[in-house]
*Asks:* 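Could you have a look at this structure, given as structure tokens, before my questions?
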Number of protein chains: 2
Amino acid sequence: MVSIKDVAAHAGVSPGTVSNVLNRPGKVATATRERVEAAIKELGFVRHGSASTLRAGHSRTIGLSVIDIGNPFFTEVAAGAEDVASELGYAVILGNSAGSEEKEGRNLRVLAEQRVRGVLITPSGEDPARLDRLRERGISVVLVDHPAHRPDQCAVAVDDVAGGRAAVAHLLAGGARDLAYVTGPLTIRQCVERREGAAAALRSAGFDPDGLRVLEMATMTARAGEKAGADLLDAGLPDAVFCANDLLALGVLRSLLRAGVRVPDDVALIGYDDIDFAAASAVSLSSMRQPTYQLGRIATELLLDECDNPETHAHQHIMFQPELVARESTRCPAA
Amino acid sequence: MVSIKDVAAHAGVSPGTVSNVLNRPGKVATATRERVEAAIKELGFVRHGSASTLRAGHSRTIGLSVIDIGNPFFTEVAAGAEDVASELGYAVILGNSAGSEEKEGRNLRVLAEQRVRGVLITPSGEDPARLDRLRERGISVVLVDHPAHRPDQCAVAVDDVAGGRAAVAHLLAGGARDLAYVTGPLTIRQCVERREGAAAALRSAGFDPDGLRVLEMATMTARAGEKAGADLLDAGLPDAVFCANDLLALGVLRSLLRAGVRVPDDVALIGYDDIDFAAASAVSLSSMRQPTYQLGRIATELLLDECDNPETHAHQHIMFQPELVARESTRCPAA
DNA sequence: GTTTCAATCTGAAACGTTTCAATCCGTAGG
DNA sequence: CCTACGGATTGAAACGTTTCAGATTGAAAC
């Protein structure tokens, strides 16, 4: 395997100079630089990232830990992150926690071993301690789709309380009175806050927030949604259903349609995330849109800025507002 | 930062012994091992992956290069790969080529720098040379959703010719005669082979394979599918449309429905991949199912077997058969 | 002709781990 | 009691890069 020494010998310079060509090309005389570059090309030299990381004390990789890689929401976040990272020559190590804090912990451990420069994470629980432990090791952390745990930290989030409020206000405006909330585990912050928003909407419309039926599913998948739909059919249908994400909503929709329930006439339905497929479903799905791809991009830009310009970097807490997208699955208030 | 030496000092042993505890615990006396493990825990030691990689000559990371991380097909592959890798303590570095060979090349370069143990790749073009270059560097390569370039290589694929044939045979059995094929770039092997299968089906049914109208789109997304649908509406509708993947099909479906075209009565439609959302679309989508998650799992198992047991490893070329899933979007032949 | 200075380049040390030949120790066999 | 042996442990070398103090230029200033 050809090393920096071979390149140096071939170009008639010292290893230090080759390193400079690689890392600070401006500090090397043009003629020398070109000679070294020619040698690199000729020998097919590829820098050994681990040696570089070991000596320099930092790597050019970042970690991305998401809750469910099967959810198009996270896929878009990942796409945004990967684009930015790739532009700046960083590699992205992917970790899928699959909703399990234990697996998330294992993934974070691997990231720590790899000495990633920083970590983008949508935490699957509410334990800031393990993230603080990363920070102690000098690994920057940016929270994605989650508000900051602490002031000296970047975070990019979307206002989930506002989203829940808007979704339920929309259902109420459509005439619904008996509401159900189909959610994932209430250990997940997003699920809790969207419920709070829903309760707030009920309260300000003069209804009892405790009247909201809550179905807590173990996962936030279409399959879980189908199960929730079946449960609703068994227990008696509400006027309207608010789902904590679109996957759940698509599952509920499927169950209802299969049972001959008309959406939105018998039951109105709204999801969350506005994934691409929401618009294409059997009855097109109303949803709360979030700037997903941007979430990934901006989080990565913040992270790499924090890593590359620690002295000038200013921590930011960015909070986007979600946007209601009304489609067929909810009665239009005007009708 | 606490190193192996600190652990060694704290446990009263030599660094070599700590290394053995980490890598060959069986070779260390129980009492010593426990003492070292206690020291590790107490000091919060985390092994420096780069130092380990540098000295040992190989890392515990693999690369995954896909064509479109936004496509649920690849997401499922990634989920399968990540599960296996994570079980065996490997980290997965994600690369999204976004259909660009140039970006794929850049990603492979990063993977080479990181000295990944191996690479899982769905190549976006037909240039085996760059993969051979990885192999020369000692990086194993397993092809995913692509037949092997060479015998001494593992590959996990699905029979795309058979899939194309089955899809079009199904459309013909439903009574269609004037067919269109909506595809991604014909530089992508899958697109080409599915077309070949389509042509073969036409031929064996006694039709002219050149009668197949081909619409080649630049990307394989729902947006491109909408565009294709619009093009078909302009140019005159066929009896049936075969799409090279489900995203294209969902886009076409959307265009057609919006224009008031009835599916399948006016135009039958079949996609490919059977992503989760195919069953949930406005008119549920017929498709060709592939064992996607398994593709990722098995490819990763083969890759890691090749890395960890090079002497006993037998290269395998696995070819799955796709399966027709008939839904509403195609006329049932019996009807 | 000497001094100064900046620009450029050199070479050895250091990063934290793994590896392996060498050493140590206790026990079984003679 | 001596020898042999195997298991357990040691310690130094090596992996390929980066860093940095110092060496070497050649030109400018006096």
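Letters A, B, ... are given to chains in the order of the sequence lines, protein chains preceding strands, and every chain is numbered from 1. Note that this is a predicted model, so its numbers are computed, not measured.
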*Asks:* Between His146(A) and Glu126(A), is there a side-chain donor-acceptor contact under 3.5 Å, judged purely by atom types and distance?
*Replies:* yes

*Asks:* Could you tell me the separation between the NE2 atom of His58(B) and the P atom of dT18(C), rounded to a whole number of Å?
*Replies:*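 Spelled out: NE2 on His58(B) to P on dT18(C) is 10 Å.
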
*Asks:* Would you say the ring centers of His315(B) and His313(B) fall short of 6.0 Å from each other?
*Replies:* yes

*Asks:* Is Arg297(A) salt-bridged to Glu301(A), going by a charged N under 4.0 Å from an acidic O?
*Replies:*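 Glu301(A) and Arg297(A): salt-bridged.
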
*Asks:* Could you check whether Glu82(A) pairs with Lys103(B) (Lys NZ or Arg NE/NH1/NH2 to Asp/Glu carboxylate O, under 4.0 Å)?
*Replies:*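 Result for this pair is yes, salt bridge flagged.
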
*Asks:* So for the helix from dG1(C)-dC30(D) to dG30(C)-dC1(D), with five pairs setting each end axis, what is the inter-axis angle to 10°?
*Replies:* 40°

*Asks:* Under a 4.0 Å heavy-atom cut-off, which of residues 14-41 of chain A touch DNA chain C?
*Replies:*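 DNA chain C contact set from residues 14-41 of chain A: Ser14(A), Gly16(A), Thr17(A), Val28(A), Ala29(A), Thr32(A).
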
*Asks:* Of Gly12(B) and Ser3(A), whose nearest nucleotide on DNA chain D comes first from the 5' end?
*Replies:* Gly12(B)

*Asks:* Got a second to check how far Ser52(B)'s OG is from Glu113(A)'s CD, nearest 0.5 Å?
*Replies:*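 Reported to 0.5 Å precision, the distance equals 8.0 Å.
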
*Asks:* In terms of side-chain heavy atoms, does Ser86(A) have a donor or acceptor partner in Arg106(B) at a distance below 3.5 Å?
*Replies:* yes

*Asks:* Between Ser124(B) and Glu101(B), does any side-chain donor sit less than 3.5 Å from a side-chain acceptor?
*Replies:* no

*Asks:* Could you give the CZ-to-C1' distance, from Arg55(A) to dA13(C), as a whole number of Å?
*Replies:* 8 Å

*Asks:* For the side chain of Thr75(B) and the backbone of Asn71(B), is there at least one donor-acceptor N/O pair under 3.5 Å apart?
*Replies:*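 Answer holds: yes.
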
